[in-house]
Amino acid sequence: MQDRFFTHAVSRSLIMVIAFAIGILPIAIGPLAEAQQLPHSHARPDQVKIKHLHLDAKVNFDTKRISGSATLTLFRADPQAKLQLDSDGLEIRSVKSENGQALTYNQPTARQGIGEGLAVDLPVVTKKPTKVIVEYSTTPTAAAVQWLSPEQTTDKKHPFLFTQSQAILARTWVPCQDTPGVRMTYSAKLLVPKDLLAVMSASNPQKKNDTGVYEFQMKQPIPSYLLALAVGDLKFVGVGNRSGVYAERSVLKKAAWELADTERMIEAAEKLYGPYRWDRYDVIFLPSSFPFGGMENPRLTFATPTILAGDRSLVALIAHELAHSWSGNLVTNATWNDFWLNEGFTVYFEQRIMEAVYGRRYSEMLAKLTLDGLQREVLQLKKRDTWLKLDLAGRNPDDGMTSIAYDKGYFFLRMLEEKVGREQWDAFLKHYFDKFAFQSMTTEGFLKHLKSNLTVDVDLDAWVYSAGLPDTMPVVKTEELEKVAAAAKAFTVGTKPSAIASDFNTADWTTHHWNHFLRTLKSPLSAEQMTALDTQFKFTESGNSEITHDWLLLVIAADYQPAMPKLKSFLTGQGRRKFLEPLYTKLVETESGKALAKEIYTIARPSYHSVSRDTIDEILKD
Ligand code: BES
Ligand code: ZN
């Protein structure tokens with residue numbers, strides 16, 4: 001293997017010597033060379049771009065490896081340039097050209113947190129496009145992939161595997177240009193154990209066959225972070241004419257019931273911002289270790305079973321992932337610094353879908369919870385990273401996954417809607433999704449498009465580039481939650497907790513009322529107050545994950561012993577980071593809490609996905 005990195009380094013120092021000799025400060029070379037580098041990728045799409053990926057692989061649960069080949073079809077803007085791929089921990093067996101010729105490659109030392117990469121010398125040919133075949137295997141510790149033993153699944157009979165590629169984990173299971181600015185179509189042929197079904201973010205089978213071989217097509221070009229695979233003992237059931245649910249057997253019925261409004265959501269979305277462009281919209285409910293609420297893998301949203309509340313009260317998450325079919329999957333953030341373009345637009349669109357399907361009174365409750373969460377987060381972040389456009393170079397893109405991108409992003413767009421009026425704003429957004437479909441977008445590109453299409457007399461920079469919440473922040477008014485806040489206040493200041501609690505009229509309270517109630521109480525509550533609430537409302541026994549999470553925060557603060565077994569079972573029974581992180585953080589505030597956290601984590605850690613593990617490791621480190 002020829003070490004091209006070395007040659008590159010030599011020529012670079014040669015240039016530096018010459019530059020120095022002719023009096024240019026050598027220091028100028030560094031930033032100049034790096035200016036071409038993307039913040040979280042080795043790829044150089046200005047030189048070579050992947051247009052299509054074909055994956056031909058075997059999924060082996062015994063060795064915990066996905067092994068096979070990735071055939072990359074390339075467009076070469078610069079015929080001299082090498083192909084710079086991202087890879088993180090992949091075992092490369094060979095790199096060949098289409099006619100079987102071995103290509104030289106090297107794996108430079110890992111740049112901070114972004115993997116070692118794979119630089120391939122391409123044959124000097126004029127014929128375009130070029131195909132490169134990478135034979136490789138993942139390793140058992142690949143960060144994107146979680147291999148679950150039968151005991152770690154819901155039905156406990158068969159093993160399960162799922163991937164999570166966003167933000168920069170696709171490179172841990174597929175060699176690719178792992179930057180959201182590059183789009184490719186893809187196809188795959190996978191061999192999995194015969195008793196399991198494989199599904200991807202592509203055209204999917206609906207039942208098992210007896211060969212264990214499944215083929216997939218994604219004919220619309222997508223960025224690498226939307227590559228996804230799940231393998232398990234999955235069943236399918238339709239819920240609408242272009243939508244359905246995959247889940248393990250015992251979850252299937254409940255899941256299908258919960259998602260009954262999916263088709264209405266798709267219709268509402270299309271009415272707002274144009275046709276759904278991905279043919280089918282299916283949802284897979286993964287085992288409970290899935291580290292996110294949902295992930296917008298195209299054609300197949302990956303979802304946590306913790307939204308299966310039994311009353312359809314947590315389906316805003318489906319509206320959210322569905323909305324990404326426009327904001328994110330169709331018009332994609334160019335880099336992770338522009339993450340708010342994905343998430344802020346999606347929260348906005350999610351809200352509009354919820355309003356269309358369930359009414360304004362309902363969606364304003366969601367908006368209020370969002371606003372409260374945002375205000376809390378802004379206080380917590382102080383002034384750090386509270387602008388929409390981030391600078392995450394040299395940092396983990398996960399750092400940008402705060403409510404700023406989501407909820408400051410949402411309120412920015414809501415503010416624009418309120419300024420120009422809904423009619424104009426909706427026409428603008430529809431046109432935006434149409435014009436930039438299947439392209440990537442930068443923050444600056446969006447602002448330019450905005451300014452040339454709408455007249456808005458507001459300080460846009462205050463939202464996009466400045467700290468905190470601007471004074472053009474929209475106002476959210478919800479009588480529903482005002483009632484709840486009054487109840488919480490009465491309870492907090494009252495002297496007879498059990499009498500007050502039994503007086504509340506909560507018959508028509510939804511999950512959102514309860515969330516608001518629990519978040520508005522002044523923590524820590526006294527033992528008497530905790531007991532009164534639990535006796536009256538049975539929080540410890542709640543089967544609703546959002547209510548359980550909020551209640552357990554109060555439980556930890558008040559050291560309310562009767563709910564400790566529930567705390568333990570909640571932390572070991574599911575791996576959604578949004579629930580784990582606040583609870584572990586709260587626990588480590590005291591010495592005894594920290595000891596308990598460590599005890600629970602020892603049991604729970606092996607069942608968490610790497611995404612959650614990394615976060616909790618950080619919280620519990622000494
Ligand atoms: N795309 C995100 C999840 C994500 C973001 C994964 C960044 C990795 C890196 C997804 O659409 C999302 O936002 N999920 C939320 C739910 C939503 C209702 C706010 C979640 O998982 O909590
Ligand atoms: Zn999202």
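One-based numbering, in listed order, for ligands and for the atoms of each. Just so it is clear, the values below take in all heavy atoms, side chains as well, and ignore hydrogens, waters and symmetry mates.
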Requested in this report: Could you tell me whether Asp398 and ligand 1 have an N or O pair separated by under 3.5 Å?
Outcome: no

Query raised in the report: Hey, which atoms in ligand 1 end up nearer than 4.0 Å to a heavy atom of Gln164?
Result: 6 (C), 8 (C)

Report task. Looking only at protein heavy atoms, identify the closest one to atom 13 (O) of ligand 1 and say how far it is in Å. Result -> Tyr406 OH, 2.7 Å

Requested in this report: Answer with yes or no whether the side chains of His324 and Glu343 bring together a donor and an acceptor at under 3.5 Å.
Outcome: yes

Query - Nearest neighbour in protein (non-hydrogen) for atom 4 (C) of ligand 1 - result: Gln166 OE1, 3.1 Å

**Report entry** Which residues share a side-chain contact (heavy atoms from CB on, under 4.5 Å) with Pro221, sequence neighbours left out
**Finding:** Arg183, Thr185, Phe438

Report task. Would you mind telling me if ligand 1 is within reach of the side chain of His320, the backbone, both or neither, using heavy atoms under 4.0 Å? Result -> side chain

Query raised in the report: Which protein non-hydrogen atom lies closest to atom 2 (C) of ligand 1, naming both residue and atom, and how far is it?
Result: Glu343 OE2, 3.3 Å

Query raised in the report: Which heavy atom of the protein is the closest neighbour of atom 15 (C) of ligand 1, given with residue, atom name and distance?
Result: Glu321 OE2, 4.2 Å

Report summary line: closest protein heavy atom to atom 21 (O) of ligand 1 is Gly293 N, 2.6 Å

Query raised in the report: Looking only at atom types and distance, does a side-chain atom of His40 sit under 3.5 Å from a main-chain N or O of Leu392, one as donor and one as acceptor?
Result: yes

Requested in this report: For a ring pair (Phe, Tyr, Trp, His ring centres under 6.0 Å) with Phe345, tell me which candidate from Tyr410, Phe446, Trp326 qualifies.
Outcome: Phe446

Requested in this report: List every atom of ligand 1 that sits less than 4.0 Å from any heavy atom of Glu296, numbering the atoms from 1 in the order shown and giving each element.
Outcome: 1 (N), 2 (C), 10 (C), 11 (O)

Query raised in the report: Can Asp426 and Tyr273 be counted as having a side-chain donor-acceptor contact under 3.5 angstrom?
Result: yes

Query raised in the report: What atom name does the N, O or S atom of Glu343 nearest to the Zn ion (ligand 2) carry?
Result: OE1

Requested in this report: Check the side chains of Asp311 and Ser313 for a donor-acceptor pair under 3.5 angstrom, ignoring hydrogens and angles.
Outcome: yes

Requested in this report: Could you check atom 10 (C) of ligand 1 against the protein and tell me its nearest heavy-atom contact, residue, atom and distance included?
Outcome: Gly294 O, 3.2 Å

Requested in this report: Determine whether the side chains of Thr511 and Glu546 contain a donor N or O and an acceptor N or O closer than 3.5 Å.
Outcome: no

Report summary line: Here the vertex angle at the Zn ion (ligand 2) for NE2 of His324 and NE2 of His320, given to 10°, is 100°

Query - Contact flag Glu296/the Zn ion (ligand 2), N/O/S atoms, threshold under 2.8 Å - result: no

Query raised in the report: Quick one: which ligand 1 atoms are inside 4.0 Å of a heavy atom on His324?
Result: 11 (O)

Query raised in the report: Applying a strict 4.0 Å limit to heavy atoms, is Phe339 in contact with ligand 1?
Result: yes

**Report entry** Side-chain donor-acceptor contact under 3.5 Å, Asp178 with Ser41
**Finding:** no

Query - Of Lys430, Arg264, Arg242, the residue whose pairing with Glu270 passes salt bridge (charged side-chain N to carboxylate O under 4.0 Å, His left out) - result: Arg242

Requested in this report: Would you tell me whether Thr301 and Glu321 have side-chain atoms, one donor and one acceptor, within less than 3.5 Å of each other?
Outcome: no

